[in-house]
Amino acid sequence: MNLGTKTLLAIFSTSFRTPVRFYYNNIRIMQTVTLSQTNDSMPTIGLGTWQLQAPSNVIEPTVLKALELGYRHIDTAFNYNNEEAIGAAVNEWINSGKGSRKDLFITTKLPHVGNRASDVRKFVELQLTKLNMDYIDLYLIHVPFAFVCDPEALTPVVNSDGDYLLDVTTNHCEIWKVMEECQREGLIRNLGLSNFNEDQIKKIMDKASVLPQVLQVELHASFQQQQLRKFCAVNNIVVTAYAPLGSPGAKDHFVNKYKYSPDAFPDILGLPIVQEIADKHGKTPAQVLLHFLVKQDIVAIPKSTSEHRLKENMEIYDFELSEEDMNRLKKLDKGEDGRIFNFLFWKGVEKHPEYPFKLPPQVIKE
Ligand SMILES: NC(=O)c1ccc[n+]([C@@H]2O[C@H](COP(=O)([O-])OP(=O)(O)OC[C@H]3O[C@@H](n4cnc5c(N)ncnc54)[C@H](OP(=O)(O)O)[C@@H]3O)[C@@H](O)[C@H]2O)c1
């Protein structure tokens, strides 16, 4: 990503993990972190796009609106089924002369059905075609486990009893090697992981020529991932927080589609402490929750289709949470009990040898 456009002025240093701040008309609109291998700048706020699915007449205007507002980082995945529409919006924005591909940071992910060395290149090339782009800024292995792939639909094969057919031959180091090859050929700029645990990351690091640059995991006030973040800091891995607002959209989805208990979802936007801190600063709960993450050098990728909320989620750099505010928010951490995304909706997934989470007993029993 090239942030050297005329309207943007870099103010602070560019060393790794030091946020770089950019101003437009004297308004601070973007901060970035620098990735250690390529020195690429990754904006600390990106547009999440899970549940931004068909119809494309919602996706394209949302992405275009986000770009107009100043978003330069978009997070998608093969599994979100929206790469084509996102690519169309991005290309429309570029063709209209408002910016260039180099101004953007696009993340996408290798799906669970492609988690084998022999499939990596096929998916990278397919995803580039869908996005209608020459390269991906950041390519993540979406999840550490794998399912057998239906070759026509490119979806998991599901047994008659509803269990997902596991591919237990998963070898992360072999997958990583092919990702490195794709990087050397210029198809991908940076490599990373998502939903991996510390042991799984270490095993890849032991064998890798290129170390993981980014780890994307669930992270919000109720689930702060303290230990994993320490590990990443020591190893120069940037952490991206998914579900940074506690994923209110996941609740309806998981309750309706997968029959999760509605009680399993923390309403962090509605917590009185968060509201109180927001009122004190004249900001909204969402802005407080996002600022809380970014202030700790965490990248956040909130999703919204509302223009008002897209704007709100970007305007998080013009106030400062005090040490006391930060400490109060840190106390909201419920540890493993705060996790929303355990992936048990893919029936039988916990039996995969690379299932990454140690779940509390009450969750396993469900
Ligand atoms: N790697 C992974 O396995 C993984 C898993 C999950 C998510 N992700 C990524 O992370 C992104 C973010 O996670 P997420 O979408 O689950 O959750 P999220 O960003 O925490 O929450 C999104 C939800 O919050 C609402 N919202 C957005 N801004 C708001 C605001 N300012 N005030 C009140 N409500 C607001 C949105 O509704 P409206 O759209 O109506 O505004 C939407 O329902 C995803 O979109 C995806 O890109 C990755």
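When a ligand or atom number is given, it counts from 1 through the structure's own listing order.
In summary, the side chains of Asn79 and His112 do present a donor paired with an acceptor at a separation below 3.5 Å, with no hydrogens or angles considered. Residues His142 and Asn115 bring no donor and acceptor atom of their side chains to less than 3.5 Å of each other. Side-chain contact, Glu312 with Thr284: a donor N or O sits under 3.5 Å from an acceptor N or O. Using a 3.5 Å distance cut-off with no hydrogens or angles, the side chains of Tyr139 and Gln127 do pair a donor with an acceptor.
For His220 and Tyr242, the distance between ring centers is not under 6.0 angstrom.
When each atom of ligand 1 is checked for a heavy atom of Asp75 under 4.0 Å away, the hits are 9 (C), 46 (C), 47 (O). Heavy-atom proximity to Gly48, at under 4.0 Å, picks out these atoms of ligand 1: 11 (C), 44 (C), 45 (O), 47 (O). Residue Phe341 approaches ligand 1 through these ligand atoms, each under 4.0 Å from one of its heavy atoms: 6 (C), 16 (O). Heavy-atom contacts of Leu245 reach the following atoms of ligand 1: 20 (O), 26 (N), 27 (C), 28 (N), 29 (C), 35 (C) (cutoff under 4.0 Å). For ligand 1 and Leu269, the ligand atoms under 4.0 Å from any heavy atom of the residue are 33 (C), 34 (N). Near Trp50, meaning under 4.0 Å from any of its heavy atoms, are these atoms of ligand 1: 16 (O), 44 (C), 45 (O), 46 (C), 47 (O).
Among Pro244, Pro302, Ser247, the residue whose heavy atom sits closest to atom 14 (P) of ligand 1 is Ser247. Which of Gly46, Ser194, Gly270, Gly249 comes nearest to atom 1 (N) of ligand 1 through a heavy atom is settled by distance: it is Ser194. Scanning Gly246, Pro248, Ser304 for the heavy atom closest to atom 24 (O) of ligand 1 points to Pro248. For atom 27 (C) of ligand 1, the nearest non-hydrogen atom from the set Lys311, His142, Glu218, Lys303 belongs to Lys303.
Remark: minimum distance from atom 13 (O) of ligand 1 to any protein heavy atom is reached at Ala243 N, 3.1 Å.
The side-chain tip of Arg339 points at the ring of Phe357 from less than 6.0 angstrom away and within 45° of straight on. Judged by the 6.0 Å distance and 45° axis criteria, Arg328 is not positioned over the aromatic ring of Phe292.
Under the 30°/60° scheme for interplanar angles, the aromatic rings of Phe341 and Trp50 are found to stand perpendicular.
By the 3.5 Å distance cut-off applied to N or O atoms, Ala286 is not counted among the residues near ligand 1.
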